[in-house]
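Each remark here refers to the structure printed beneath this line.
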Amino acid sequence: MSHSDPTTLALVALGEDIDPADAAHLAQCEQCLTEVAELTEVVTLGREAPIELAPAPEHVWAGIRAELGLLGAPEGSDRGRVLTLPTAAPAPAAEVPPQPDTTVVPMRPRRRPMLGVAAVAAAAGALVGGGLVWAAVDEGGQPIGPQGQLVAQAVLDPLTADVAQPGQAEVLDSPDGQVIRVDATALPARDGFYEVWLIDEGVTKLVALGALPAGSVGTFTVPPGISIEDFPVVDISLEPLDGDPAHSKESLMRGVLEV
Amino acid sequence: MSVLTLPPAVRRTAPTFGTIGVVLTDVTDAQVAAGFRDGDEQALNEAYRRWSGLVHATALRATGNPEDAADITQTVFVNAWRGRGTYRPEAGSLPGWLMTITRRRIADHWESRSRDARTRAAVEATEPVEEAVPPEVERIAAQMLLADELDRLGEPARRIVRMAFYEDLTHSQIADRLQMPIGTVKSHIRRSLDRLRARMVVEDVAL
Ligand SMILES: [Zn+2]
């Protein structure tokens, strides 16, 4: 007696109809039936499972770091490495203290749609151990008064063809600390959500600022301990609803803050 | 939900870039676990990135309360980091260990809820309210592990399995939609189910 094909057993577990010969075999073969029962349990669990794991809200990670006393601890070991950003970066010499043993890794040219942050990411990967600062803050979008004093701004260049207009970012000193206002009204609605990031010039570190609804202007708190001198690159990514807090590598707009 | 209609194969896989920036895709779970045990903060980052969704989704389904789920998630990672010296990689995976802590924190949560209910009943001298029935945490954990493992399937397997699970399509309908040979679809289904089943066993979750 030959057993049913393993793929057939999988289809039975999924509830598909099978041909009479297989049905007849299953009716009398304990081994195949056991197999089907186990696979059926997997299918049942899978169908009960959520399609996406609900990601923890951003404040949880900040809470963990705070509770463990890790907040604001800069990962200094990567400080000396400078990457050349694709856009005309503000005179690097003025922004980045010269360090011995500086490694310069050129970024990919900017005119490569969708590769924006992939390039950032690849470069960061090349710097083995590039640390991630994930100083997530409260939900962005809290409106701030117009009285803040402008301290830096950036034009956010579109990195994909379907974004026609550049965006804008402004850093303002407000009574509650620095805030960054991001105008991305040109971003079309897409599946997933937009997220705003600050990236350091060495592209070894990212700070997530929060989600930005399509076609809107969002205001985010610059997290305590994070300075825009250290993180001058403003980046907007499209993030899937997959619970993965890392940058998706799909960058739609980016610019460098000029003080 | 529109998740299924996302462009295929683009989000989690980036084969052309090898290591991916802040997330080093060639770092195995075992390496993350070893770094975690040794107190490497980057391993904590990475563990959170990889498994906080698992922990949080489990807590959310088990408590039904977003605030409690967020609190439990935070506590689990804080407990795990502080107790990392007691983690034995040879005894099980890091996500498995995190899920063990998660189940305990969920149990604590339900225990304190029923204690509160008893206290209230005593103080108010009312009939003892029926105790809250804790959810089937083991099963919820298994569901979430399965969702996580499903998400880790490479394409096109992930897409195929999702179509079979959530869109209730037969293998021939899937083959038709994806314009793939039927035999390919069938073997993806079988291999994927085997992989999902193996994860359930590895994590020692009662099926
Ligand atoms: Zn058989």
Exercise. A/G46, A/G63, A/A10: which one forms the most heavy-atom pairs within less than 4.5 Å of chain B?
Worked result: A/G46
For this session: Tell me, for B/A69 versus chain A, whether the close heavy atoms (under 4.5 Å) come from the side chain, the backbone, both or neither.
Result: neither
Exercise. Is it the backbone or the side chain of A/L11 that comes under 4.5 Å from a heavy atom of chain B, or both, or neither?
Worked result: side chain
For this session: Tell me, please, which residues at least two apart from B/D108 pass side chain to side chain contact (heavy atoms under 4.5 Å, CB included).
Result: B/R105
Exercise. Is it the case that A/E41 and A/T44 place a side-chain donor and acceptor less than 3.5 Å from each other?
Worked result: no
Problem set entry | Any donor-acceptor N or O pair under 3.5 Å, side chains A/E239, A/S237 | yes
Exercise. Under 6.0 Å from the CZ atom of B/R82, do we count more than 12 heavy atoms belonging to anything else shown?
Worked result: yes
For this session: Heavy-atom pairs under 4.5 Å with chain B are the metric here; pick the option from A/L39, A/T8, A/L9 that has the most.
Result: A/L39
Problem set entry | Choice from B/L54, B/T170, B/L150 maximising heavy atom contacts with chain A below 4.5 Å | B/T170
For this session: Could you pull out all residues at least two apart from A/E48 that satisfy salt bridge (Lys or Arg N to Asp or Glu O under 4.0 Å)?
Result: B/R139
Problem set entry | chain A interface, residue from B/L44, B/T58, B/V55, B/V161 that has the most non-hydrogen pairs under 4.5 Å | B/L44
